[in-house]
Amino acid sequence: MSDRTYDPQEVEVRWQEYWEKNRTFVTDLDSAKRPFYNLMMFPYPSAEGLHVGNVFAFTGADIQGRYHRIKGFDVFEPIGFDAFGIHSENYALKMGIHPSRLVPSSVANFRRQMKRMGLMTDWTREVQTTDPAYYRWTQWIFTKLFEHGLAYRAKAPVNWCPACQTVLANEQVIAGNCERHPDTAVERREMEQWFFRITKYASKLLENLSWIDWSLTTKQAQAHWIGRSEGAEIDFALEGADGAVRVFTTRPDTLYGATYMVLAPEHPLVDRLVSRELRAEVDAYRTAAKAMREVERLDAGKQKTGVFIGAHAINPATGRPIPIWIADYVLLGYGTGAIMAVPAHDQRDYEFAQAFGLPIVPVIFPIGESLPEGAAFEGEGLLGNSGPFDGAPSQEARAKIVAYLATKGCAEAKVNYRLRDWCISRQRYWGPPIPVIYCDRCGVLAVPERDLPVLLPETDDFRPDASGVAPLARVSEFYHVACPKCGAPARRETDVSDNFLDSAWYFLRYTSTDRADVAWDRARTDRWLPVSLYIGGNEHAVLHLMYTRFLCMAFHEMGLTGFEEPFRRFRAHGLLIKEGAKMSKSRGNVVNPDAYVAEHGADTFRMYLMFLGPYEEGGDFRDQGIIGIRRFLDRAWRWVVEERPALPKGDLPRSARIRLHQGIAKVSADTESLQYNTAIAALMELLNVLREQSVADSESGEAFVRLLAPYAPHLAEELWAALGRSPSVFDAGWPDFDPALTLTDSVEIAVQVNGKLRETVRVERGSSQETVQAVAVARERVAAHMADKTLRKVFFVPDRLINLVVG
RNA sequence: GCCGGAGUGGUGAAACUGGCAGACACGCGGGACUCAAAAUCCCGUGGGGGCAACCUCGUGUGGGUUCAAAUCCCACCUCCGGCACCA
């Protein structure tokens, strides 16, 4: 017996060197016959290094890559780093070191840790979003969108975080507070911003969800975010003035019950409509609403407030004038920024009408019950108080009323979306400058492709200030530029683009990192995309994944790619938490993998994370059971290296062979469907069975090692070599199983009497009810429970169960 | 409030399409080996009762459907994630 034992450090480093030297996981993108693009969400390389949450995410994705590789696919598994953005910038400000000097060491640390984890990454295709060779193309994408009318500049009320000193996307505002500063209320500011017209694709973004193979939860989150609602836009003519107020409603059937209107305080018509006597009051309300903290304004439970503006509009159905109010519960950014208020059938309008003594006219009457007291009736029923439409069912009346108004030119059916355009301007330093030049003569120009990249100037003066102007405005060599068209003095845009733009196209760049002349090589993207499988966290369900889909639709429309949807399959992994809480630096509960890898090795740590619970559900990280995985790998090593070679050669007994084939079937199916915890349990069971055998057969060793390979890649290579096979096990093919050998010859059948388990009997597979019943009733324990009772009925599930009902 | 997901031994968890609840591990108890320990191996391990064979209760709570429910239905509780005056 050898005195050597399994030494993961030695084994793992040796195989990592072997893979690197032999370019085992470097993919020839141009000759691949069976491309499998295995994508994982690239990390933000924080200075603290990789944490277990990253390792959990990467490992689950890497298992898919390795599994497909053994199955014979040409797997492309690239990685990159996304070090632009506010997170890096704030950290740099805190440390007083320029981000361009901090990022390389963070990246180097991440790279070291990731290599040590043994991912099958193709490191020849690494991208960094902060590299001018990359962001040149991020800027190019902006110019393409600009050319196609998908990028525009608008003054808009934006979310301003006083702590970040920058604009936030809606998605970055959590309950009215900043995503990065949970104690800081977001303010609203009017600013010139660059937007991408994602709303153009709202319907396509929604419709395609019906066929893309994504985790259901992710698709639901996207559908909700897009927020489609069907209704109508209706014009309410102004009384004693030209023009009309347009509203959006999902309930045109309630039009006869519209007894007043409400505009958002910021609505542009307010200024024109407000009466002289009420102007002071209205202005005071508008100022207050504007200054109000977003959290307060959006608090659904708060008392309704508002003011009458001294003007009236005509209800187009009743022909009667109704008062126009402003109130902060109506939002400028949704629908038309104005509503028709139907207090009888909308709870918010009801509360408002109650507070201000406005008339409440019911027009929908529930069938077979009466209207609720003290609340709006929001359900369906028959129309009343509705002139010619009285008696019509409310659902049918919607279209009828719209059609009737349409003939008078004051309504049209309309689909509204909650989705808003993507604001990409950031008044910060650490990002790709938006490639735009403002020339007094030529107007707003995109920087021509030949002048890209617009390099981010090196400056130590990059702290944002309350001016709201980006730090780049203070760098005069950058700010002043000659117009690319006429040569006259012109100015550069000084905002940088949103970090989400960097990460919205990185998977296209991976294929073409060797090409300095194009963003991506069309032949390669045609071969490799859409991505075969994308694995990542569901926290990106509506941000990253939505923006990415939008860009790909735009690229496809421009003829830049051959596909519309970037990810064939997307699977969301669960969140790894610690003691019931999300891991974060502020909580001080971030777990660093290095210590575990140093103690037990990467294989053990990988498998342990995967064994913790269902991959798609995540779980609570504890290191309690890690020793169980280590023991399992130790046993696997001993079995292959020491125990098995000492046994005489021979064939497995049939029962063991059946267990082997059942194991192959189970591990294959569970790996395929990301049920890694049960796949590992099956591997353990299989090893337990195989170690009980007293012969060394020719089949089980190689099968087991290959099943183990996606999970413990280093050890699998080592054991493959110990079996006398030449590397790499990842070129060896996935073991097949014989379906006939996955069924045992005999089965154990549960015998119940009146639904309670009393006995089990072992019979030949496929035994008839008569046979099983005969065996069962002959058993003493069964007979005892049936004594002096009559057999009423028998339920028989072949090969499983028999239930004898007596009474 | 709304939309998802979840609630099972001391712990992480497993359970096909409604068909033997607790696979696989951790931990714990006992034993073997050892001068001793570590490592390893073997046995046991949901609760209660019983010397035992066995009996009985048991998947968040309360009802229901069914020969049979962790699984389906109704009502509720708790936790996690997301959204939130969306007209």
Side-chain angles (χ1 to χ4, degrees), chain A residues 5 170-171 174-176 216-221 223-225 227-229 231 247-251 254 262 264 297-302 304 327-331 333-342 345-349 351-352 416-418 537-539 541-542 572 574-575 577 580-582 608 611-614 616-629 631-632 634-635 638 675 677-688 748-760 780-781 784 792-807:
Chain A
T5 51
N170 282 328
E171 299 87 307
I174 312 293
L216 199 61
T217 50
T218 312
K219 294 209 279 189
Q220 281 167 339
H224 184 245
W225 191 258
R228 180 183 199 274
S229 55
V247 303
F248 173 74
T249 178
T250 54
R251 293 294 300 268
T254 64
V262 185
R297 186 168 160 174
L298 292 180
D299 179 5
K302 89 175 165 77
K304 294 279 178 292
D328 60 10
Y329 80 93
V330 174
L331 309 171
Y334 185 79
T336 62
I339 62 159
M340 62 176 212
V342 186
H345 304 293
D346 181 286
Q347 188 59 27
R348 294 158 301 170
D349 297 345
E351 286 163 22
F352 190 84
N416 195 53
Y417 294 94
R418 202 182 77 106
N538 226 3
E539 67 272 20
V542 291
L575 193 66
I577 57 172
K582 212 166 172 167
Y608 177 63
F611 191 57
L612 221 49
E616 290 173 276
E617 281 170 34
D620 207 339
F621 179 82
R622 265 158 235 202
D623 52 17
Q624 237 190 15
I626 194 166
I627 191 66
I629 297 288
R631 286 178 192 150
F632 165 70
D634 283 340
R635 283 197 297 273
R638 276 204 306 276
Q675 288 164 298
N677 56 334
T678 49
I680 292 169
L683 280 168
M684 290 172 166
E685 264 180 285
L686 180 57
L687 183 61
N688 290 343
E748 199 177 63
I749 292 196
V751 181
Q752 295 182 338
V753 179
N754 285 347
K756 290 199 178 205
L757 181 74
R758 296 301 177 188
E759 181 67 289
T760 61
E780 201 178 318
R781 278 157 64 180
R792 305 259 180 227
K793 200 158 185 182
V794 180
F795 291 87
F796 177 67
V797 183
D799 297 335
R800 245 175 217 291
L801 168 143
I802 188 164
N803 187 7
L804 306 162
V805 181
V806 297

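Computed over heavy atoms, backbone and side chain alike; hydrogens, waters and symmetry mates excluded. This structure is a prediction, so every number in the text was calculated from the model and none was measured. To find a chain, count down the sequence lines: A is the first, B the second, and so on, and within it residues start at 1.
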Exercise. Between I680(A) and I629(A), does a side chain to side chain contact (heavy atoms under 4.5 Å, CB included) hold up when you go through it step by step?
Worked result: CA-CA 9 Å; I680(A) 292 169; I629(A) 297 288; 4.2 Å; yes

For this session: Stems involving RNA chain B: give each as a range paired with a range, ordered by first number, where a stem means at least three consecutive Watson-Crick or G-U wobble pairs under 3.5 Å.
Result: B:1-7 with B:77-83, B:10-12 with B:24-26, B:27-32 with B:40-45, B:46-49 with B:54-57, B:60-64 with B:72-76

For this session: Kindly say if N416(A) contacts the phosphate of A87(B), meaning a side-chain N or O under 4.0 Å from OP1 or OP2.
Result: no

Seminar exercise, completed: Heavy-atom nearest nucleotide on RNA chain B taken for A750(A) and for A338(A); more 5' hit belongs to A750(A)

Exercise. Rounded to whole angstrom units, what separation is found between the CZ atom of F632(A) and the P atom of U40(B)?
Worked result: 14 Å

Problem set entry | Selection from C67(B), C83(B), G19(B) that lies nearest to any side-chain heavy atom of V805(A) | C67(B)

Problem set entry | Interatomic distance at C1', U8(B) relative to A13(B), whole Å | 9 Å

Exercise. With a non-hydrogen cut-off below 4.0 angstrom, is D349(A) in contact with a base, only sugar-phosphate, or nothing?
Worked result: nothing

Seminar exercise, completed: Of the listed C16(B), A21(B), A25(B), the closest approach to the F611(A) side chain comes from A25(B)

Exercise. To the nearest Å, how far apart are E685(A) CD and A15(B) P?
Worked result: 12 Å

Exercise. With rounding to whole Å, what would you report as the distance between C26(B) and U17(B) at their P atoms?
Worked result: 29 Å

For this session: Name the closest nucleotide to the L757(A) side chain, picking from C86(B), A21(B), G4(B).
Result: A21(B)

For this session: Measure the acute angle between the ring planes of F352(A) and Y329(A), then classify it against the limits of 30° and 60° as parallel, tilted or perpendicular.
Result: tilted

Exercise. L801(A) has a side chain; which of G19(B), A14(B), C86(B) sits nearest to it?
Worked result: G19(B)

Exercise. Who passes salt bridge (Lys or Arg N to Asp or Glu O under 4.0 Å) against R418(A), sequence neighbours left out?
Worked result: none

Exercise. If we only count heavy atoms from C-beta on, is the H224(A) to V542(A) side-chain gap below 4.5 Å?
Worked result: no

For this session: In whole angstrom, give the distance that lies between atom CD1 of I680(A) and atom P of A23(B).
Result: 18 Å

Could you list, one pair per line, each protein nitrogen or oxygen that sits under 3.5 Å from a nitrogen or oxygen of nucleotides 51-54 of chain B, together with the distance?
unit_1	atom_1	unit_2	atom_2	d
C54(B)	OP1	R781(A)	NH1	3.1

Exercise. Between atom CG in N803(A) and atom P in U66(B), what is the gap in whole Å?
Worked result: 15 Å

Exercise. Can you tell me how far P in C54(B) sits from the matching atom in G60(B), rounded to whole Å?
Worked result: 29 Å

Seminar exercise, completed: The reported gap from CE in M340(A) to CG in D346(A) (rounded to nearest 0.5 angstrom) is 9.5 Å

Exercise. Say you pick atom C1' in A84(B) and the same atom in G1(B); how far apart are they, in whole Å?
Worked result: 8 Å

For this session: For C72(B) versus U65(B), give the span between their C1' atoms, rounded off to a whole number of Å.
Result: 8 Å

Exercise. Does a nitrogen or oxygen in the side chain of K756(A) sit under 4.0 Å from OP1 or OP2 of G19(B)?
Worked result: no

Exercise. In whole angstroms, how far is the C1' atom of U66(B) from the CZ atom of F795(A)?
Worked result: 9 Å

Exercise. Roughly how far apart, to the nearest Å, are G47(B) and A52(B) at atom P?
Worked result: 15 Å

For this session: Determine the contact category for I627(A): base if any of its heavy atoms lies under 4.0 Å from a base atom, sugar-phosphate if only primed atoms, P, OP1 or OP2 are that close, otherwise nothing.
Result: sugar-phosphate

Exercise. Contact class for Q752(A) (heavy atom, under 4.0 Å): base, sugar-phosphate, or nothing?
Worked result: base

Exercise. Across the strands shown, which category fits D346(A) at heavy-atom distances under 4.0 angstrom: base, sugar-phosphate, nothing?
Worked result: nothing

Exercise. So, is R631(A) near the phosphate of G27(B), with a side-chain N or O under 4.0 Å from OP1 or OP2?
Worked result: yes

For this session: Establish, with yes or no, whether the OP1 or OP2 oxygen of C41(B) is under 4.0 angstrom from a side-chain nitrogen or oxygen of R638(A).
Result: yes

For this session: Apply side chain to side chain contact (heavy atoms under 4.5 Å, CB included) to E759(A) and V753(A), showing your working.
Result: CA-CA 9 Å; E759(A) 181 67 289; V753(A) 179; over 6 Å; no

Seminar exercise, completed: Ranking G333(A) and I629(A) by the position along RNA chain B of their nearest nucleotide, the one closer to 5' is I629(A)

For this session: Send over the distance from D620(A) CG to G7(B) C1', rounded to a whole Å.
Result: 14 Å

Problem set entry | Given A25(B), C85(B), C20(B), the nucleotide with the shortest approach to the side chain of R348(A) | C85(B)

Problem set entry | A14(B) and C24(B), which share atom name C1', separated by this distance in whole Å | 8 Å

Exercise. With no hydrogens and no angle check, is any side-chain donor or acceptor of R758(A) less than 3.5 Å from a backbone partner on R781(A)?
Worked result: no

For this session: Would you indicate which nucleotide in C85(B), C83(B), C67(B) comes nearest to any side-chain atom of K304(A)?
Result: C85(B)

Problem set entry | Length of the CZ-C1' vector between R418(A) and C85(B), whole Å | 13 Å

Seminar exercise, completed: Ranking A14(B), G12(B), A87(B) by distance to the side chain of P614(A), first place goes to A14(B)

For this session: Measure from CG on D623(A) to P on G12(B) and round the result to the nearest Å.
Result: 14 Å

Exercise. Within a strict 4.5 Å, meaning less than it, do heavy atoms of the K756(A) and N754(A) side chains meet?
Worked result: no

Exercise. With sugar-phosphate meaning primed atoms plus P, OP1 and OP2, does T678(A) contact a base, only sugar-phosphate, or nothing at under 4.0 Å between heavy atoms?
Worked result: sugar-phosphate

Exercise. Reckon D634(A) touches a base, only the sugar-phosphate, or nothing at all at heavy-atom distances under 4.0 Å?
Worked result: nothing

For this session: State, with a plain yes or no, whether a side-chain heavy atom of L612(A) is found less than 4.5 Å away from one of R622(A).
Result: no

Exercise. Distance-only, no hydrogens or angles: does the D349(A) side chain make a donor-acceptor pair with backbone N or O of V342(A) under 3.5 Å?
Worked result: yes

Exercise. Looking only at side-chain N and O atoms, does R228(A) come under 4.0 Å of OP1 or OP2 in C86(B)?
Worked result: no

Exercise. Taking syn as any angle within 90 degrees of 0 and anti as the rest, which one fits G9(B)?
Worked result: syn

Problem set entry | Span that lies between the C1' atom of G27(B) and that of G9(B), in whole angstrom | 12 Å

